[in-house]
Every structure is written in C-alpha cells, then in structure tokens.
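Each ligand, and each atom within it, is numbered from 1 in the order the structure gives.
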Amino acid sequence: RRAGFSPAVVIGTGYGAAVTALRLGEAGVPTVMLEMGRLWDTPADDGTVFSGMLAPDKRSMWFKTRTEAPLASFLWIDVVNRDIERYPGVLDRVGFGDMSVYVGRGVGGGSLVNGAMAVTPKRDYFEEILPEVDADEMYRTYFPRANAALGVNRIDPAWFETCESYKYARVSRRHADRAGLTTTFVPSVYDFDYLRREEAGEVPRSALASEVIYGNNHGKRSLDKTYLAAALGTGNVTIRTMSEVRAIRRQPDGTYALAVRERDDTGAEVATTELGARHLFLGAGSLGSTELLVRARETGALPELSDEVGRCWGTNGNVMFGRANHVWDVTGRTQSGMPALGIDAWDDPEHPVFAEIAPMPAGLELWVSLYLAITKNPERGHFSYDAATDSARLHWSADQGTPTIAAAKALFDKVNRANRTIYRHDLFGDTRSFENRFTYHPLGGVVLGRATDLHGRVRGYPNLYVTDGSLIPGSTGVNPFVTITALAERNVERVLAEDFA
Ligand code: FDA
C-alpha cells in the first residue's frame, strides 16, 4: 500500500471531469485524475486502436466474455454479438435487473464510445429541469464555451442532400415529413469535413466503416483530443489509468483519503494505493459518482451525506426501435455511424419526443429505419447499497419505462400510418418492437441543488464536489454531454473563485 497526496484529485475522465481538470490546471492547481479504464492511444497488432462494430474483439467491452450490443438480433437471430476475451475494453453495460446502463471506460469516458451528437438543450426545458440555475448566464457564456472547447461542428447541408452516407437519414426525413413532423440537423463532435473525405475515399474510414459504440479510430473529437489534451498541456495535470477509486474517507484535518484499486489487463488487482486530496472532484459519471457517495454514506465513511444522495435518477427517456421500410425505400449500404439528423417533436404538448435518426451500419441494405428517441418520462429511480457486493444497486422497474414507450409509439404510429409501414419485431431478442430496457443517457443520483449546493458542492462535506451527469435530474430532453460540459464549466469557475482563494 503506497500513499500520496495531491492538492486536487478528479475521479474519472469523462466530460465533467475533463472540464474540471483543465480549469484547475490552468489556474495552476496540481491535479491528479484517476481513471479505472485504459488509455486508448496505442494501435494493436491489426494497426487500429479500437475494434470495429462488425467484428468486435476483446477491446470492445469491459471484462465480458461476449459482446452485449443494444441491437440484440436481426430476424430474431443473434448475428450481432461475438464471443470475446475478458479485457478492459472500452464499452461497459452495467446490468440492474430491468435496466442496463451503457457507459464508456477509458481516458475520455463516454466520449470514446458515444455517437458524438452535440445538442444544446431547449432553453425553456433547461429552465424547467434546473430552475435555480441562471439560464441567461448558461446560454450567454457556458453553452458557447462548452461548444467551442468540444469542437462542435455542423454538417454542410448541400453535401448532406447528395451524399451516400446519409441516404438513410433522408429516407427517414421523407417519412417524417409525410406525417407532418419536423426534422433538424444535429451538431456533432465528429469532424464532418473528415466524413466528407471518407466518402470521397481520401482518408481512412471510421464513421463510414461502421465504427460507433466500440470507439472511433478517426474523425471523432473525443475528450482525449480536446479538453484532456489541453489539461495535460497546462503541465499541472496527470492521469493515472486502470485506477479505480473504491472508497472515500475524510481525515481529521479535513482532507480526503482515497482507496485506489489498480488492476492489470486480466482484471487482477496489482496494488491498492492511498491518495490524499485537499479538494476532491467526483466525475465518475452518474453511476460511478453516485455509487461512491452511496457507499461512503452507508458504510459510515461519510455519514453526514444527505438522503438526497442516490435519488432522482433517470434514463433521459431513452427508447430504441426500428421501422420496416418498403423495398423501394433503400437506405444504402454505406451508413454513417454518426447521426446527423433528428426528428424534433419536443414541443408536442402530449408526447414530447426528440428522436435521433440512428444508423444501422451493417454494410448491406437492411430496409430498416432505426431511431433512438429521447422522451419526457417523469419516472425516477434510486440507488441502495448492497453490502454483500459492496456496490450500489439501481432500483428501476419495467413499468417505470411505460411512459417512454407510450410517447414514442404515439408519435411513430403517425409516421407508420402516413407511410403504410410497420415496426420491426425482430431486433431486440424477442418480439418487442420498443427496447427501453437500456439507456445510453444515465442522469442524476446526486442532483444539483438537492444533494449538492447550486454549484456541485456536496452538502455536509467542504471541498467535496460532483461535476458530472449525476447533477442533472434524470432528463435533459436532448443528448446530454453538452449540458454536462456546460454545467461543469459554470460550476468550476465559481469553485475556483471562491474555494481556492
Ligand atoms: P462519463 O461516463 O463520460 O465518464 C465517467 C468516467 O469515470 C469513465 O471513464 C469511467 O470509467 C470512470 N469511472 C467510473 N467510476 C470510477 C471510479 N470509481 N474510479 C475511477 N474512474 C471511474 N451523449 C450525447 O450527448 N450525444 C451522443 O451522441 C451520445 N451517444 C452515446 C452513445 C453511447 C453508446 C453511450 C454509452 C453514451 C452516449 N451518450 C451520448 C451519453 C454521453 O456519453 C454521457 O452522457 C457522458 O459521457 C456522461 O459524462 P460524465 O462526465 O457524466 O461521465
């Protein structure tokens, strides 16, 4: 057991963590980041860093023996998943009975595996979910700051109309138009100029080589290329990989002591180290940060943590489903793995839905229109502590997902009626057509203004902060990483000004 100390420690390397580390580093604060996953920068024997989606290998998933892709089957046959070796791969699926949560593992967190959709929430909905946050300030300062630092860019609309890569999106748009629905371009952190050159055959393919969910070898501005590169560039930030924080204690002098488990690529523990911190920032994501605090409260390590810790968790109303296309509605063999278009029905008074037109990049024509919809589901889950496994358990029941399906179905029944099409029933392992037993967008658990103050300071514990998706009360109405990033920018600015003086 080795011991060490750093004035500031940030747990995790996802959006909230990366923002925090950059701003601490710029302010001259020596900062250590602890990440349980690997650093993804070294090509394997096949010359690539990540394995693709069509032939996933051990790099795809976090210590599993078979991949667990969200689309479980095609024509009810499990053609999608593959046996793999146990390895600290980049995507994890954490199962809790009726709900599975997908998260990224590695330096960059979710930015390594996500679809790169970079959407600023609608202002009136942001005001509804976080009414105590000054929206003027967010929309004037922090959303623009986040968008700039993340490298958000927009597709060239003229190219979109003629390219092969988004034929599938144009088909879905036509179907939405017939039902009177509105579509909108979705900004991205995938470099659309690079994508254009992929289609022109000028550069190695990534989005056009079916790369999504298990990492992109090119084109994506993941956090390791933006915020984290800048953080390391300050000279004040270091990142320790394969280092999972297991426990947090408060010392008599008010500093924090962390128990850190270091593992090798087989998963074997190689060391347990202790690291001290004066200022401790939790950026381990909605599942990770909530678990650390629930465990700390229930084991008596941080007994003053409020009852709000572990509450108000949501799926952002996620649901995935496919529609069967007519034979003449071909979507093309080359589908960009990075979505560029959404159906925006968020202002529908009864069934607010924002549906991303998702690719099915199998390299062949499948006659499917796929969607990942975000709906306004008011249900919330909560976490308890399971002493036997020393882990936090999410409580979310199947019936809590009902409003999600009702909203998506109400809207897409209209699309089907207008186009004389039907839903697919063969994509999720059984005959269901709506899959809401997983989420890509876990949010909440340590909500801003409830479990923390209005800037992410954990109630009851000075110099302890939460910086990630745990702060958002279960829903943002759009894909969440821009909201998480902007909120972290806002909070760290205040914390640096007031708590580091
Ligand atoms: P995030 O989850 O990014 O990072 C947490 C990090 O902490 C991880 O690297 C984890 O390994 C590490 N960690 C956890 N516990 C730890 C511990 N105890 N010790 C040390 N390290 C620990 N969003 C969006 O806006 N647009 C999109 O297109 C998509 N698409 C998408 C696709 C897929 C497949 C997924 C899984 C997710 C998305 N998302 C998305 C969601 C988005 O990626 C997600 O909301 C953010 O990554 C969450 O950012 P956080 O900062 O909360 O944590």
Review point. What closest approach, in Å, do Val10 and Thr31 show between heavy atoms, and which atom pair accounts for it?
Key: CG2-CG2, 3.7 Å
Review point. Which heavy atom in Thr13 sits nearest to a heavy atom in Gly108, and how many Å separate them?
Key: OG1-N, 3.0 Å
**Study point:** Test ring-ring contact (aromatic ring centres under 6.0 Å, His included) applied to Tyr102 - qualifying residues, sequence neighbours left out
**Key:** Phe438, Tyr440
Please tabulate, line by line, the atom pairs linking an N/O of ligand 1 to a protein N/O at a distance below 3.5 Å, with the distance in Å to 0.1, or answer 'none'.
residue, atom, partner, partner atom, Å
ligand 1, 3 (O), Gly110, N, 2.9
ligand 1, 9 (O), Glu35, OE1, 2.7
ligand 1, 9 (O), Glu35, OE2, 3.2
ligand 1, 9 (O), Gly106, O, 3.3
ligand 1, 11 (O), Glu35, OE2, 2.7
ligand 1, 11 (O), Arg105, NH1, 3.4
ligand 1, 18 (N), Val245, O, 3.0
ligand 1, 19 (N), Val245, N, 3.0
ligand 1, 21 (N), Met36, N, 3.2
ligand 1, 25 (O), Met117, O, 3.2
ligand 1, 25 (O), Pro480, N, 3.2
ligand 1, 25 (O), Phe481, N, 2.8
ligand 1, 26 (N), Met117, O, 2.8
ligand 1, 28 (O), Gly115, N, 3.4
ligand 1, 28 (O), Ala116, N, 3.2
ligand 1, 28 (O), Met117, N, 2.9
ligand 1, 30 (N), Gly115, N, 3.1
ligand 1, 43 (O), Asn114, ND2, 3.1
ligand 1, 51 (O), Tyr15, N, 3.0
ligand 1, 51 (O), Gly16, N, 3.0
ligand 1, 52 (O), Gly469, N, 2.9

Review point. Does Arg311 make a cation-pi contact with Trp313 (under 6.0 Å, within 45 degrees of the axis)?
Key: no
Review point. Applying the side chain to side chain donor-acceptor pair (under 3.5 Å) test to Glu493, which of Arg23, His455, Arg145 qualifies?
Key: Arg145
Practice item. For ring pair (Phe, Tyr, Trp, His ring centres under 6.0 Å), just list the numbers for Phe50 and Tyr214, CA-CA rounded to whole Å, side-chain angles, deciding distance to a tenth of an Å, and then say yes or no. Key: CA-CA 7 Å; Phe50 297 105; Tyr214 300 137; over 10 Å; no
